[in-house]
Amino acid sequence: MGEYLKETSVFQTYIVGIIILIIFYIIKRPRIAANEPPLVPYTIPILGHTYNYLFNTQKFLKECKEQYGECFSVYVFGYVVTVVSRDSLSEVLINREVFELDIFEILPFNMIFENVGDFGKVAHINAKLAREKISAKIEVCTPVIRKYIVEGIDKWIGDCKEPKEFRSIWSLTNNIIALPVANIMVGEEAASHEDVTKSLGDFAFDIGPLGAIPPVFSFIHPKLHEFVITLPLRFGWNPVARHRKIIINQIKPVIEKRIKEKKTLGKDYKPYFDALEYYMSQPDFDYSKLHYYVDALFVLTFGAIGTTSGAVTNGLFDMAGRPDCFNELYEEAMMIDKECNGSIGFADVQKMKKLDSFVKEVLRHSDDTLKRLHKVISESYTFSNGYTVPKGRRINLYVNDALKSKDFYGDDADEFKPFRFVNENSPATKVDRNYVVFGGGKHACPGRFFAIHEAKIIFHKLILRYNIKTKSGKIENKTYLGPSTLPPRGSLIFENRK
């Protein structure tokens with residue numbers, strides 16, 4: 001009798017489980033209106049397209065576009081995402097009043113940067129700072145960039161009379177780039193403290209793991225995923241806290257000194273050239289809210305260091321695996337270095353046509369397959385192709401479709417051709433509908449001019465000083481993590497030029 005009841009109980013549990021799954025499937029089953037982009041059929045209930053989205057991204061999206069056209073929707077992690085391809089990308093990037101960049105879907109920035117509050121205001125201030133204070137005055141920045149890149153190379157790579165193997169290349173480039181960026185962000189006095197440059201350099205790597213957690217709990221409810229990934233923050237662990245304390249301790253006396261100088265000198269006060277001075281010049285600057293400005297600074301440096309170092313890392317691997325390309329870049333570098341007697345300025349960097357083409361091709365081949373998750377914030381939006389997306393719909397940009405467009409780049413669009421753009425009036429900073437690495441329209445990344453300028457200087461200095469090759473002597477493949485593209489994980493060998 002006991003065995004019978006036990007078997008009956010197991011059977012009943014099994015049936016109840018099936019019923020719950022069926023109900024859950026019915027509730028979660030996506031519903032698409034007739035005028036919306038087509039939903040790609042899927043065979044696995046509840047999971048939808050999640051597996052192919054994560055582990056077979058490039059092939060999956062290419063097949064979807066070929067079969068369903070320019071815009072299509074997929075069901076991943078429990079919600080519908082509309083993927084827009086090359087011809088519709090610009091509509092999302094230009095219409096900011098309709099499509100909002102969904103940064104909180106990637107990372108809980110509102111909890112990480114707990115002192116920021118209004119992210120829209122901070123984004124506006126930082127964009128204006130990047131555009132008017134940094135990018136517009138690159139000539140002033142150039143000596144600082146040059147000085148601290150050379151210092152960083154000396155410190156982190158040094159003399160390579162005998163070949164040296166470096167394994168963590170992204171960390172290496174991150175450390176070098178952190179030096180000039182720190183000096184431009186907080187000024188040379190504060191940046192002279194090693195813990196400041198280290199903190200700004202490590203910051204992006206420290207919060208990165210939070211964004212690497214796939215939203216598996218979103219299958220149940222999106223809020224559940226948000227709750228799970230913010231648990232460490234709710235219990236007091238915040239990767240920003242340690243860095244914030246370091247930066248505040250070092251910039252506090254600098255700010256106090258500048259406030260005193262302003263009062264003493266009045267109109268004769270000469271503003272310092274750094275982001276810290278820009279924040280202090282704001283009409284509503286409040287010294288008692290220093291935590292706010294430091295968090296705003298972290299938001300700015302999150303992209304200024306981490307993304308640039310990633311691009312330089314990709315470039316080093318692309319260069320090291322192609323000796324012919326490396327040699328041609330060296331010839332150009334030697335010619336320019338001779339003209340400027342080793343002290344490159346803004347005009348000299350502008351002459352680096354082959355290097356600029358190389359950098360642009362590196363960026364074209366190392367961008368993510370899908371990028372910049374947006375959300376529809378208006379009642380709805382109808383694309384020029386006739387498809388309509390409703391309010392709240394997540395929109396993902398199939399940037400690889402634009403960056404590898406054969407209609408625009410030719411039949412060899414998938415090939416890496418370092419000097420593809422040498423004879424074109426199309427520098428690495430110029431955005432268009434087929435080159436969306438930096439976004440598009442008037443909202444394109446305002447810091448791209450500084451980032452490209454800095455990358456070219458570091459490449460120039462490394463090319464002149466070292467022979468660089470991959471450990472295998474071959475081209476290293478990039479790392480694909482779902483729709484994201486990460487730099488190769490291999491080693492590079494550095495050796496002094498003879």
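Small disclaimer: the values here were computed from a predicted structure and weren't measured.
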>> Other residues, nucleotides and ligands only: do more than 12 of their heavy atoms fall within 6.0 Å of CZ on Arg96?
In response: yes
> Would one find more than 12 heavy atoms of other residues, nucleotides or ligands at under 6.0 Å from atom CD of Glu165?
Replying inline: yes
> Hey, is NZ on Lys164 packed in by over 12 heavy atoms from elsewhere, all under 6.0 Å?
Replying inline: yes
> So do the side chains of Leu297 and Tyr279 get within less than 4.5 Å of each other, counting heavy atoms only?
Replying inline: yes
> Any chance CD of Glu194 has more than 12 other-residue heavy atoms, nucleotides or ligands included, within less than 6.0 Å?
Replying inline: no
>> Heavy-atom count check: over 12 atoms from other residues, nucleotides or ligands less than 6.0 Å from Lys262 NZ?
In response: yes
>> Checking Arg258 against Tyr269 for the side-chain contact (heavy atoms from CB on, under 4.5 Å) test, could you report, in this order, the C-alpha distance in whole Å, the side-chain angles of both residues, the deciding distance, and whether it holds?
In response: CA-CA 9 Å; Arg258 294 184 186 184; Tyr269 175 78; 3.7 Å; yes
> If you count the non-hydrogen atoms of other residues, nucleotides and ligands that lie under 6.0 Å from CG in Asp284, is the total more than 12?
Replying inline: yes
>> Donor-acceptor check, side chain of Ser192 to backbone of Glu189, threshold 3.5 angstrom: yes or no?
In response: yes
> Cut-off 3.5 Å, side chains only: do His365 and Asp318 have a donor facing an acceptor?
Replying inline: no
>> So if I apply the salt bridge (charged side-chain N to carboxylate O under 4.0 Å, His left out) rule between Arg465 and each of Asp154, Asp337, Asp159, which one comes out positive?
In response: Asp154
>> Between Glu339 and Lys351, does any side-chain N to carboxylate O distance fall below 4.0 Å?
In response: yes
>> For the CE atom on Met334, are there more than 12 heavy atoms of other groups (residues, nucleotides or ligands in this structure) within a distance under 6.0 Å?
In response: no
